[in-house]
Amino acid sequence: MPAQTQPPVAGRWLWTCRAGFESHLFEELAWAGAAPRLLGDALVESERSPSPPPAFARAGYQVVASLPPGAPEVLAEAAARSIGVLPGAGPWVLQSFTPDSPRGNPLATTAEALEAAVKARLPSERLLEDGGRAKESGARLVALCVAPDGVTVVGSVFAREALSLAPGGRRRMRREVESPSRAAMKLEEALDGLAFEPGRGDVCVDLGAAPGGWTQRLVARGARVVAVDPAKLMPELASHGRVKHVQESAFAYAPEEPADWLFCDMAWRPLEVAQLLAKWGRRGWASHLVANIKLPMKDKNPVLVRVRHTLVEEGGWEGLTVRQLYHDRDEVTVTAHRLR
Ligand SMILES: C[S@@+](CC[C@H](N)C(=O)[O-])C[C@H]1O[C@@H](n2cnc3c(N)ncnc32)[C@H](O)[C@@H]1O
């Protein structure tokens, strides 16, 4: 890790990740031949954006400009100028973020002030205030990254290609008061990125369901849930009319009917979980998959390669995404689907 944050080079890609995961992100980019460089806490640069995108990146932007240190108005002026000459006539969603690190987080107020100052200098008709419509309207996300050591970066990515619509991929959520576990936020964030979501009447199987955060969110959406876990569910879920608790190991369980959705948040070995999910795919037991894979080991990427291979080659899961979401810790979230 460089002693001081390094500015990225214009034209290359700037990635941000969970602090402490820079080496995993670097390794993924290196394996993809994207010539990465560590810039500082939670920041990595690469020559290009690989496909599939790196699992350990929360967000990635093509670097428009690295601004030389300067007074706030000078920075705002320079940022607005570099945004003004971006190609295309589509709308912009302007956002700012700091690296999610002990030295980056205190810069949040500076980042917000810069965002406001840049906004004031851009033509208001080009600015899309409702970021929720960014994909449909062909908008570009234009991100201002305010990092330690005087590094300020303007980056951009089309919303429909973005890993996350949240600034720097930091998808903050208000903790639901009635939610039985913090895990529920991981599920909500995972569902957020999908083209469609589980809803009324869908049959969902939730492997590793206890104490019931995910099951609770699915029931709230109107789904029927088979919750598979040897551990106890919250009493209000155990007695819920649309929840069936199967109190056994997920490895022993076989569904009575194919499910619309398979969810899995089992605290178990990743390769064995991947094999279980592959079995569900092969047997056509579910159409959609959302699973959280635990990666407590030091060497995470070799395990991820095998997890991907097992799900796609052995399980026949399609459209696989693998992402360390904002709410994920030593884990990643995978999504996929299958035609039945
Ligand atoms: C992180 S917790 C799940 C949290 C849950 N998603 C929620 O929102 O409340 C992991 C769960 O995996 C379960 N688990 C571990 N091995 C399992 C197995 N073989 N079959 C089913 N569940 C298992 C544990 O009992 C534990 O409840």
Side-chain angles (χ1 to χ4, degrees), residues 18 171-194 197-199 202-240 242-256 259-281 283 285-286 288-297 300 303 307 310-311 315 321-336:
R18 187 175 183 86
R171 173 76 169 85
R172 292 197 185 83
M173 259 169 245
R174 196 175 45 82
R175 189 172 171 159
E176 299 273 338
V177 199
E178 75 280 12
S179 173
S181 76
R182 184 191 176 281
M185 289 187 289
K186 293 192 300 193
L187 177 68
E188 290 296 337
E189 189 182 0
L191 294 179
D192 225 34
L194 295 177
E197 301 180 4
D202 281 348
V203 175
C204 301
V205 173
D206 186 5
L207 305 179
W214 287 26
T215 292
Q216 190 269 344
R217 300 310 305 154
L218 297 169
V219 164
R221 287 163 181 266
R224 283 196 288 136
V225 184
V226 181
V228 185
D229 199 312
K232 279 199 173 132
L233 280 188
M234 301 274 290
E236 60 269 36
L237 287 174
S239 60
H240 194 288
R242 277 185 282 113
V243 176
K244 180 179 169 196
H245 185 191
V246 177
Q247 216 161 350
E248 66 180 30
S249 168
F251 291 100
Y253 172 75
E256 284 164 16
D260 297 298
W261 291 81
L262 173 62
F263 293 90
C264 177
D265 189 23
M266 274 164 59
W268 196 250
R269 299 184 194 108
L271 297 178
E272 289 172 36
V273 170
Q275 272 155 13
L276 176 64
L277 302 176
K279 179 173 87 176
W280 275 73
R283 299 196 178 172
W285 283 351
H288 300 278
L289 169 68
V290 176
N292 188 279
I293 306 282
K294 317 295 169 194
L295 296 172
M297 66 294 293
K300 301 181 195 303
V303 178
V307 167
T310 303
L311 293 178
T321 70
V322 183
R323 302 278 323 281
Q324 187 182 38
L325 300 176
Y326 177 65
H327 290 96
D328 285 339
R329 291 183 176 163
D330 244 2
E331 54 202 357
V332 292
T333 298
V334 307
T335 68

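As the structure lists them, so they are numbered: ligands from 1, and atoms in each ligand from 1.
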Within-cut-off N or O pair, D265 and ligand 1, under 3.5 Å: yes

Polar contact flag for A184 and ligand 1 (N/O pairs, less than 3.5 Å): no

Heteroatom distance test (G213, ligand 1): nitrogen or oxygen, under 3.5 angstrom: yes

Whether W285 and W280 hold their rings parallel, tilted or perpendicular, with breakpoints at 30° and 60°: perpendicular

A183 neighbourhood, listing ligand 1 atoms whose heavy-atom distance to it stays under 4.0 Å: 7 (C), 8 (O)

Sub-4.0 Å atoms of ligand 1 with respect to non-hydrogen atoms of S249: 18 (C), 19 (N), 20 (N)

Polar contact flag for G212 and ligand 1 (N/O pairs, less than 3.5 Å): yes

4.5 Å side-chain heavy-atom contact, D265 and K186: yes

Donor-acceptor contact below 3.5 Å, side chain R242 vs main chain A223: yes

For F251, the ligand 1 atoms whose distance to one of its heavy atoms is below 4.0 Å: 19 (N)

Check against salt bridge (charged side-chain N to carboxylate O under 4.0 Å, His left out), E189 and R323: CA-CA 11 Å; E189 189 182 0; R323 302 278 323 281; over 6 Å; no

W214 N/O to ligand 1 N/O under 3.5 Å: yes

A209: numbered ligand 1 atoms lying under 4.0 Å from its heavy atoms: 5 (C), 7 (C), 9 (O)

Donor-acceptor under 3.5 Å (W214 side chain, A183 main chain): yes

Polar atom proximity, A267 to ligand 1 (N or O, under 3.5 Å): yes

Non-hydrogen atom of L207 closer than 4.0 Å to ligand 1: no

Side-chain (D206) to main-chain (A227) donor-acceptor, under 3.5 angstrom: no

Atom indices of ligand 1 within 4.0 angstrom of P211 heavy atoms, with elements: 9 (O)

Nitrogen or oxygen atoms of M266 and ligand 1 under 3.5 Å apart: no

Residue among Q275, K294, E331, M297 satisfying side-chain contact (heavy atoms from CB on, under 4.5 Å) with P270: M297

For A250, atoms of ligand 1 separated by under 4.0 Å from a heavy atom: 18 (C), 19 (N), 20 (N), 21 (C)

